[in-house]
Structure formats: C-alpha cells, structure tokens
Amino acid sequence: MILPPAVLGLLGGGQLGRYFTLSARTMGYRVWVLDPDPHSPAGGLADRHLCAEFDDPAALRELAEHASVVTCEFENVPAASAEWLAAHALLRPDPRALAIAQDRIEEKRFLEQADVAVAPWLPIERLDAMRELPPEWPFPAILKTARLGYDGKGQVPVRSAADIAPAFRALGEVPCVLEQRIDLEREVSVVLARDPEGRSRAFPVSENVHRGGILHLSRVPARVDANIRAQAEAVAQHVAERLEYCGVLAVEFFVTSGGDLLVNEIAPRPHNSGHYTLDAVSVSQFEQQVRAVCGLALAPAELTAPVAMLNLLGELWPEDRPMPDFSHLLGHGRARLHLYGKPDPRPGRKMGHINVLGAPGEGEASQPVRLAETLWSTLRVQAGLEGS
Ligand code: ATP
Ligand code: MG
C-alpha cells in the first residue's frame, strides 16, 4: 500500500484533477500536478503545480523522483511521456490503456478483439480510403477524428458517401473513424475502480443526456432494465480486465432503439458522468481513484439518494460580473453547487456542475431531474439565453 504522506503525481490539472487532489489531500497525501495551464483548477489546490507541457523532460523527471505513484485525469498524455514515466516511476493506469483510449481506431480494434459490441465503423486514414467503402455502408454516419476529440469536437455528420471527402478535409485530413449514427434509446455509462490485485467495484449505472455533443445531465438510477444494467456492468468489468487496468475507468454506452448495448468510448480516468458520486454515493469516484492507485481497499459504492447532475457551462456566466447569481440555486438544500475556479468562462466550457439529490427512499430520480432543469432554466434566463 502507498500510505500518506506519500506524494501522488497527477497528469492533468482540470476539474477531475481538482477533486482527486482534494480527496488525496483530505486523506493526508501530498499531490503534485503536471499541467501547462497556470490557472488549472487542480494546480492551485495541489502541494506543487509543475506548470509545464506534458512532454517536458525536467517536469517528468521531478514527478518520477518524488511521486510514489503517478495517475492521470487526462488521457491525451503523449505516448512517449507515458512510456518514460512507466519506466521510471509507477504509472497507474499503464501506458497501454492510455494509448488505447486516446485513439478511436486503437480503441475500436481493442474493443472488437475483446468481443465487445461497438457501432459499425471504418478507419478513414487517407482521402482515398472511401474507395474501400462497402456499397451497403449504413448511412447516416459521423466522421470523427481518431485523436484529441472531446465534448463532440472533431466530429462531422455524414449523410452519404459523397459527404466523406469534404468532411475529411474539414477535419484537417487527419486519421478518422467513420461511425454509423445509431438510433439511440438512451446513453448510459459505468465508472469503476480496479485495484492492483484486479479487484474492482463499479458505481451505479448513470443515464446521460447530451446537448450539442456535450454532457448536459446525468441521472441515477438510470431508466434501464435489470438486464441492461447487469450487461453494462459486466462489459465495463470485462474491458477493465482485458486492459489489466489499475485506477478509475469510465465506459460510455449507447442503448440502441432495438435494445442493444454498444460501447461508445472509454476514458482511463474519472468521468463527468461520475460527478454524481461526489454527493450521492458512499464514496466518490475521486477517493476511489486514490484508493485504487495506492492499493488501498476499495470502498463500497452504494447510492445514498437518487440524483441528477447538471453541467454549468460558460455561456451561463455574465460578461459584467464574475459569476451568475446562484442565490436561487443555493436556496435549495438539495442542490449542491460545484465550481471549478476557472477564470475564463467560454461558451461550452465546463465551469461547474450541480448535484440535485432526491429523498433517500424515493427510488426514481424524476424529482431531482425536474428541479435541476428548473434551476438551469433560471440561470439561462438570467444570462439572457431564453425568455422567461
Ligand atoms: P466526450 O469526450 O465529451 O465524451 P467525445 O467528443 O469523445 O465526447 P463522443 O462520445 O464520441 O464524443 O460523442 C459525443 C456524443 O455525441 C455522444 O455521447 C452521443 O450523444 C453523440 N454521438 C456520438 N457518436 C454517435 C453515434 N455513432 N450515434 C449516435 N450518437 C452519437
Ligand atoms: Mg463521449
């Protein structure tokens, strides 16, 4: 076991890292964060912020020298940095998991080899790859860059074969995947933690609603039957096993209109759809990440109340004041406000979230969802985004 006051190294200093830092420091660990952003949400709360690029040799050396274990909150760490860290320190998860999760082509190949169902797809790595497109390819589709996409960025809808070349050019002629647009019944995700011995614990399945490619709302319990729930958990466990994973892993799923479960993508870190665990589960995904990478016993992860998590994006921030007026929201005892301390709000930027809790015995999350949406509308009206 890695015990306090050991130094834990963290690659990435965003909001996911901020909560990891808080959890670890609460437990008496010290945290060193590597992130190039001088205002990174985690950097300011860490014991040390190495403000440098992810491939900065001196910063990587410092991390390796001081940290008992290094983990991540950001999967796009350059492969060479991950390999170097794994050779000179303890990196959890290991470079293979990062390499797979940061490239959609690698990710889909890995999932298929692991017998996990994914949406029909094809790699499109060159402009002439379309010639290999089977005539019966199931349009409509989406062309997605293989690397560096997030929050729906790097994606172009494609209605027919004729759209592929312009879409490929629009995305900068980088390696892409063509993916069938799935007729969705809903989206769900599973976040789990797996320790160095291979023991794992999954958090309750979350149901996720996106707006404009960005996660808007998660509700737990998810409205899926016991069969889908069990299948999602089993697939997530299976993916973690096949990766020989250590740490916190998120698996995003599509539930198709036909009732099939497909994996959309995986994230080798805590996940936005797991933020509900901060207020509505017996342990948060962030404490569980500390526990997993340090080899401590994983805590039971039981839902304590039905919950709705809603993201607060930059467009809610007024131009003439530092913050929206949260007095209405904070007048509700069941609404928990989380802000990430980001200095520069931009439309689409995740600035914070709220967790709205239901009564413990309630079962369904309908009431928390309604209150979360009402609070959100109020903030939108305030920001001039919709009429009252
Ligand atoms: P993030 O990193 O925020 O999870 P991302 O940029 O990696 O997002 P995806 O997860 O691939 O992107 O897509 C974002 C959302 O767009 C999905 O959650 C889903 O709502 C929609 N979407 C993506 N691919 C498909 C598809 N093949 N069929 C239907 N909807 C899709
Ligand atoms: Mg996604």
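Just so you know, ligand 1 is whichever comes first in the structure, and atom 1 is the first atom listed for that ligand.
Taking the six-membered ring wherever Trp is involved, the centroid distance between the rings of H49 and W32 does not fall below 6.0 Å.
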**Message:** For F203 and Y276: C-alpha separation, side-chain torsions, deciding distance, then whether ring-ring contact (aromatic ring centres under 6.0 Å, His included) applies.
**Reply:** CA-CA 10 Å; F203 287 98; Y276 77 90; 7.1 Å; no

**Request:** Report the C-alpha distance between R291 and D195 in whole Å, list the side-chain angles of each, state the deciding distance to 0.1 Å, and finish with yes or no for salt bridge (charged side-chain N to carboxylate O under 4.0 Å, His left out).
**Result:** CA-CA 8 Å; R291 302 182 76 94; D195 74 11; over 6 Å; no

**Message:** Run K350 and D151 through salt bridge (charged side-chain N to carboxylate O under 4.0 Å, His left out) and show every step you take.
**Reply:** CA-CA 10 Å; K350 292 171 181 168; D151 288 346; 3.0 Å; yes

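Clustering ILVMFWY residues whenever any of their side-chain heavy atoms sit less than 4.5 angstrom apart, transitively, puts L379 in the very cluster that holds L385.
At distances below 3.5 Å, at least one donor-acceptor pair connects side-chain atoms of H238 with backbone N or O atoms of A114.
Checking each of T71, V69, V70 against L8 for a side-chain contact (heavy atoms from CB on, under 4.5 Å) leaves exactly one that passes, namely V69.
E265 contributes atom OE2 as its closest N/O/S atom to the Mg ion (ligand 2). The Mg ion (ligand 2) is closest to atom OE1 of E252 (considering only N, O or S atoms).
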I'd like a table of the close N/O pairs between ligand 1 and the protein (anything under 3.5 Å), one pair per line with both atom names and the distance.
| residue | atom | partner | partner atom | Å |
| --- | --- | --- | --- | --- |
| ligand 1 | 3 (O) | D151 | N | 3.0 |
| ligand 1 | 3 (O) | D151 | OD1 | 3.1 |
| ligand 1 | 4 (O) | E252 | OE2 | 2.9 |
| ligand 1 | 4 (O) | E265 | OE2 | 2.9 |
| ligand 1 | 6 (O) | Y150 | N | 3.4 |
| ligand 1 | 6 (O) | D151 | N | 3.1 |
| ligand 1 | 6 (O) | G152 | N | 2.7 |
| ligand 1 | 7 (O) | R104 | NH2 | 3.1 |
| ligand 1 | 7 (O) | E265 | OE1 | 3.1 |
| ligand 1 | 7 (O) | E265 | OE2 | 2.8 |
| ligand 1 | 8 (O) | D151 | N | 3.4 |
| ligand 1 | 10 (O) | E252 | OE1 | 3.3 |
| ligand 1 | 10 (O) | N264 | ND2 | 2.9 |
| ligand 1 | 10 (O) | E265 | OE2 | 2.8 |
| ligand 1 | 11 (O) | R104 | NH1 | 3.2 |
| ligand 1 | 11 (O) | K144 | NZ | 2.7 |
| ligand 1 | 11 (O) | Q155 | NE2 | 3.2 |
| ligand 1 | 12 (O) | Q155 | NE2 | 2.9 |
| ligand 1 | 13 (O) | Q155 | NE2 | 3.3 |
| ligand 1 | 18 (O) | E187 | OE1 | 2.6 |
| ligand 1 | 18 (O) | H210 | ND1 | 3.4 |
| ligand 1 | 18 (O) | H210 | NE2 | 3.2 |
| ligand 1 | 20 (O) | E187 | OE1 | 3.3 |
| ligand 1 | 20 (O) | E187 | OE2 | 2.6 |
| ligand 1 | 24 (N) | K144 | NZ | 2.9 |
| ligand 1 | 27 (N) | E179 | OE2 | 2.8 |
| ligand 1 | 27 (N) | Q180 | O | 2.8 |
| ligand 1 | 28 (N) | I182 | N | 2.8 |

